[in-house]
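Below: the structure, in structure tokens.
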Amino acid sequence: MNGPVEERRQHYLNVNYGLKSWLLTIDHKRIAWLYLVGVTFFFFVGGLFATLIRMELLTPQGDLVQAETYNKLFTMHGVTMIFFFLIPSIPAVLGNFLIPLMIGARDLAFPRLNLASWYIYILGGVFTLAAAAAGGVDTGWTFYTPYSSIYSNTHVALTVIGIFITGFSSILTGLNFIVTIHTMRAPGMTWFRLPLFVWAHYATSIIFILGTPVIAITLALVAFERLFGLGIFNPELGGDPLLFQHLFWFYSHPAVYIMILPGMGVISELIACFSRKRVFGYDFVAFSSLAIAVLGFLVWGHHMFVSGQSVYASMIFSLLSMLVAIPSAIKVFNWTATLYKGSISFDAPMIYALGFIGLFTIGGLTGLFLATLGVDIHVHDTYFVIAHFHYIMVGSAVMAYLGGIHFWWPKMTGRKYSEPLARLAAVIIFLGFNLTFFPQFVLGYLGMPRRYHVYPPEFQVLNVMSTAGASILAVGYVLPLAYLIWSLRYGVVAGMNPWKAKGLEWETASPPPTDNFDVTPIVVHEAYAYGEAESQAVYPTGKPANV
Amino acid sequence: MSTLGFPLFPEQASTMAPRVDQLYYFLLGVSVFFATLILILIVAFAIKYRRRSDDEQPQPIVGNLGLEILWTVVPLSLTLVMFVWGARLYFITFYPPSDALEINVVAKQWMWKVQHAEGRSEIDELHIPTGRPVKLIMTSQDVIHDFFVPAFRVKNDVLPGRYTTLWFEATKPGAYRLFCSQYCGTQHSGMIGYIIALEPAEFQTWLSGGAAAVPMATAGENLFRKLGCISCHAANDTGRGPSLAGLLGKAVRLQSGATVTADENYIRDSILEPQAKIVAGYPSIMPTFKGLISEDGIMQIIAYLKSLKREEGAQVKK
Amino acid sequence: MSDSSIVHAHQFDDAEQQHEASWLGMWVFLATEVMFFGGMFLGYTIYRSTYPAAFADASNHLDIWLGTINTAVLIGSSFTMALAVRSAQLGARKPLVLFLILTLVLGALFLGIKFTEYYAKIEENLVPGSNFSFAGPLGRAAEIFFSFYFAMTGMHALHMIIGLALLTAMIVKAGRGRFSSVYNTPVELVGLYWHFVYIVWIFLFPLLYLVGRHLQ
Amino acid sequence: MSSGHIVSVKLYLAIFGALLVMTLATAGAAFIDLGGNLNTALAMVIAACKALLVILFFMHVRYSSRLTWVFVGAGFFWLMILLSLTLADVLSRRWLPTLLL
């Protein structure tokens, strides 16, 4: 994959070829590519399920698929998108590729564990797809007992084991990042000179490490109950129906912060680069990431306000849920303040970043509706909730992921993608997204429950608008797949720093050599030193090779 | 229906609906304000500070503590207002008034069975009088369901093995949609129905109409005798078990020293799991009735025990 | 955890950084194990507070003598493991192999005792499921207790088996003299893992075996 | 970092003895009715002490970096979050909602 013009310089892609060089690599950059392939595959599988759901909801009657099939569709859409796309996407692709580069290290602390995490991810995926092929699972991605443990006769155990296995790939990634960021920063790279991308991934890794095991044991207990008849969640024996919900949401709410925090890290980088300014209030944005990770563990009860939870516990969880909203607000205001007096250019990554700020603001604010006890009684388990979390997942996390892929594509491949096509795709995605999910807020307050295969006729017009939006969104997502693959062969060769961005990853070649830096940098300046210093680091033996 | 031919906002048909909507408007107002504020700032900065030349380099700005405090304190105070206002409504919704008309609901995979105290029962429909609080005592025979009436802005999960309650007061007659809003299996979307609110007079005629049905209290009394409860739980503590007259709402001291308020859940647990809470001063000899009595049977006995409260006053006088 | 003796893996600057990374990495892993077992402890705590009498009655069906002996056996294996790590740090190959073998034997003894207990429970029909039979009226909640008993001790036994496999690997490597006073990280890490598995048992023993013994 | 600190066998023996004594103590104390849930509290205190001994001395955390202390503490602290907030729900579920506000 080296262009005709460029002289034969060895880098991590052309150092060796063949399947073995990819399937047995321990280079964090190649493992990032392996994850990119896996994550993209599952994104389009999940997208297929979403398309079928939206087509079914065109009409109030259930005339496209059976009720049973519809239930399996939304379950597999949830499971595939959450566990196999949203959670791994930014950390495992961009995090794996960039964290060693950004902190001036040669690789992650445990490269072989990193490769093992990819195999574990794929093994979990195989289990889940096998369950889908064998007949699917119809419990919803939340697997609430006693339906999932006793009453459902679909492939719950197989799917649950698949997710159990994939959880360990998150744990290994989190472990790798925490140890790498603590022990392998280049000389001079203090914590407060780290790029905010690294801060965000550090906070995410805390959640990987302290949250994922709880979902692992919870799903294992559900599997034990189905396979060996253990009576842990069985109401017949006097089991507490809310125990599963507590254990499940203890992980699954912090999991939504796993999905958004890396996105926030990407956005801090994009806003800084394309305004050519230091991120406004660096310390506050950095600590906000940590605050979100920690407070994120205290709020899970807001999923259970109407589930028979005690009114006093609901009050505690509602108050804590208000507190977790504050760091997100701080971040949004700081990003907006970064634009002030900047020099803003509207390349594709910046369009994704600006779109992120707008959509994340709406997503975050609608979260307050759900954290407010009085309103949640009405909107819980309706399309209001669906709209809220899609504004965060699709509107923010996926936009940030695409923005990050476009921004670091020249660094990963040494090639530039076609800018006009990319801007077009970003705008299509922004418009298609809003048309798909904004009507669902209205549907939600009207009271349309989620997971409904058949719905009253008065909700049809809004549903048709939503399906129309979904088709635009689908087109928007296929475009990047096309022109990014096209750019691998025919893209313009990108130099070391096409965007004139600050950060150690932009001070080595594109694509970088296997050991990332010919000479280990010594960091002397703050992060995002736009207008202050030529480069954040000095290199003991003069300029870095291959300027 | 709005002029568009389809609704954009749900009907307000209960006393709580306007209050929830007020809070909703407040939240909507705050959200629209901040969303437009951010939108205007982004668009303004994007236009004003767009890059003029490729090597343009703006002055670096590190940050501003005053601003940081501002956009921490303002969101915090707004969210606390939301919290307090929301919690207040939440408490009102989960604190049923004592004079409410009690109706029993049993949820079962994919249908709602409603049982009025006067004996009349309905499937997937609930007739209620307007202008009077109605308290639903609900339980599920299989998985978790959720009784949701959008027009009343109220819902609560229906759990297996436990009673959950829900109350509302209809303000205008009409038929309002009922949804099950906790995923419960294949026909989850078919488990719907209507709440039919009638004027009190019409409600009485509806109630007395229909097939002659045995009031729950009477059915409960027959069951109380048939299952032999009467042999231990005789009136005025003459039997081996505690007298159950006036039990509802009374604080009961247990053998373990704890005191528990006797509500519907307490009675249900004591019927199905008698050893779990032994009343102080009584031997723990009560057998479990698990499997010998249906959900409806338990509700009938509870209705009978509630009716005892009124009679006990009479007995003492005799 | 590369196996080259003195030379460190290429991504590290020196052996000391590599050791620190492995040490922190192991503790991060043990934090995940704390949360993993924590989920079951939560379920146990809730059900014990809801059904105290049933849990006490069910717990009295467990053999306290076997439980106490097993705890002592595990303390012994933790002790010999600590001595093994110490010998590795001193570079004394013979005592290292000896103590590792001792730890292995004691660990196997623990599992032996455990499985005799399991066998006894199967005999008494106390395994949750269709043929679970428990004298007295507290049968239903007792089945929850035994569900947790088998889930928690089963998961603990699984971790013990993994531990035995790791110990065997260490014995083989130590036998070949792969460890020295300068490089013994794998032994330290297996030691941390083993001690953690013992800590889980420290909490399992009182919570499962010692509930309401004074009521007997 | 464990800084390769070598612990004396004497100390290990002392810890070993202490653990054995504590095990017998907790097993014995279980037979004495201390009333209420004092029995459980005592058993948990003893178990926590045993765990602390193992962590500090057998696992060398006593001689390790402050960072290791943070990692060790974080695991147990998060478990406390899970236990305390869930018990906040379970224990207050049967309290009748009084009109607080």
Side-chain angles (χ1 to χ4, degrees), chain C residues 16 19-20 23-24 27-28 30-35 37-39 41-42 45-46 48-50 52 64-65 67-68 71-72 74-76 78-83 85-86 89-90 181-182 184-185 188 191-192 194-196 198-200 202-207 209-216, chain D residues 1-9 12-13 15-17 19-20 22-24 26-35 37 39-40 42-44 46-52 54-55 57-61 64-65 67-68 70-76 78-80 82-83 86-87 89-91:
Chain C
E16 203 247 343
H19 180 273
E20 187 190 352
W23 178 263
L24 287 179
W27 274 108
V28 167
L30 293 182
T32 66
E33 289 277 17
V34 166
M35 292 310 290
F37 280 96
F41 279 105
L42 174 73
T45 317
I46 288 180
R48 178 160 168 190
S49 73
T50 318
I64 189 167
W65 292 113
T68 316
T71 311
L74 218 45
I75 295 177
S78 205
F79 175 60
T80 51
M81 187 69 220
L83 290 177
V85 170
R86 184 174 171 284
Q89 284 171 336
L90 294 170
S181 60
V182 175
N184 46 50
T185 314
E188 271 179 33
L192 287 183
W194 194 258
H195 292 309
F196 170 78
Y198 168 55
I199 289 173
V200 172
I202 288 178
F203 287 97
L204 283 187
F205 175 61
L207 289 177
Y209 287 84
L210 307 178
V211 182
R213 285 286 169 178
H214 51 274
L215 302 176
Q216 226 158 11
Chain D
M1 230 285 293
S2 75
S3 73
H5 184 278
I6 308 290
V7 178
S8 70
V9 178
Y12 276 154
L13 266 173
I15 303 287
F16 174 62
L19 291 172
L20 278 180
M22 283 182 176
T23 305
L24 296 176
T26 195
F31 288 92
I32 312 149
D33 182 359
L34 303 169
N37 40 35
N39 275 71
T40 332
L42 178 66
M44 281 303 106
I46 295 175
C49 294
K50 285 167 70 175
L52 213 58
V54 171
I55 289 173
F57 298 102
F58 280 4
M59 299 170 99
H60 293 205
V61 167
S64 300
S65 61
L67 191 60
T68 312
V70 168
F71 278 34
V72 174
F76 291 101
W78 251 258
L79 182 56
M80 283 313 122
L82 173 63
L83 290 172
T86 310
L87 285 176
D89 167 34
V90 168
L91 298 179

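Chain naming here is simple, since letters A, B, ... match the order of the sequence lines and numbering starts at 1 in each.
Applying the 6.0 Å contact sphere to CG of N37(D) captures no more than 12 heavy atoms from other residues, nucleotides or ligands.
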Exercise for review: Decide yes or no on side-chain contact (heavy atoms from CB on, under 4.5 Å) for L192(C) and H60(D), but give the supporting numbers first.
Suggested key: CA-CA 9 Å; L192(C) 287 183; H60(D) 293 205; over 6 Å; no
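Note that CZ of F203(C) is 8.0 Å distant from CD1 of I199(C), once rounded to the nearest 0.5 Å. Here NE2 of H195(C) is found 11.0 Å from CZ of F79(C). Values are rounded to the nearest 0.5 Å. Put simply, CD1 on I202(C) and CE on M44(D) are 10.5 Å apart, with the number rounded to the nearest 0.5 Å.
For the ring-ring contact (aromatic ring centres under 6.0 Å, His included) test, residues two or more places apart in sequence or in another chain that qualify with F205(C) are Y209(C). With sequence neighbours left out, the ring-ring contact (aromatic ring centres under 6.0 Å, His included) criterion links W194(C) to no other residue.
Contact of S78(C) with chain D is made through backbone and side chain together, with heavy-atom distances under 4.5 Å. Residue V7(D) touches chain C through its backbone alone, counting heavy-atom pairs closer than 4.5 Å. For a residue to count as touching a neighbouring chain, one of its non-hydrogen atoms must lie under 4.5 Å from one of that chain's; by this rule I64(C) touches chain D with the side chain only. Of the atoms belonging to I15(D), not a single heavy atom falls under 4.5 Å from chain C. For chain C, no part of I46(D) is nearby; none of its heavy atoms comes within less than 4.5 Å. The part of L30(C) that comes within reach of chain D is its side chain, from C-beta onward, which places non-hydrogen atoms under 4.5 angstrom from that chain. Proximity to chain C (any heavy atom under 4.5 Å) is restricted, for I32(D), to the backbone atoms N, CA, C and O. Neither the backbone nor the side chain of F57(D) comes within contact range of chain C; no heavy atoms are under 4.5 Å apart. With a threshold of 4.5 angstrom between heavy atoms, L210(C) approaches chain D through its backbone and through its side chain. In this structure, no portion of A74(D) lies under 4.5 Å from any heavy atom of chain C.
Contact tally against chain D (heavy-atom pairs below 4.5 Å) for L83(C), V34(C), I75(C): the top residue is I75(C). Considering only heavy-atom pairs separated by less than 4.5 Å from chain D, the leading option among P52(C), A31(C), G38(C) is G38(C). Interface remark: of the candidates A29(D), G75(D), A30(D), A30(D) forms the most heavy-atom pairs closer than 4.5 Å to chain C. Ranked by heavy-atom pairs under 4.5 Å with chain C, the first of F71(D), F16(D), W78(D) is F16(D). Ranked by heavy-atom pairs shorter than 4.5 Å toward chain D, the options T50(C), L42(C), L90(C) are led by L42(C).
For the pair T23(D) (side chain) and L19(D) (backbone), a donor-acceptor distance under 3.5 Å is present. N39(D) places no side-chain N or O within 3.5 Å of a backbone atom of V211(C) that could act as its donor or acceptor partner.
Inspection of the T71(C) and T68(C) side chains reveals no N or O donor paired with an N or O acceptor under 3.5 Å.
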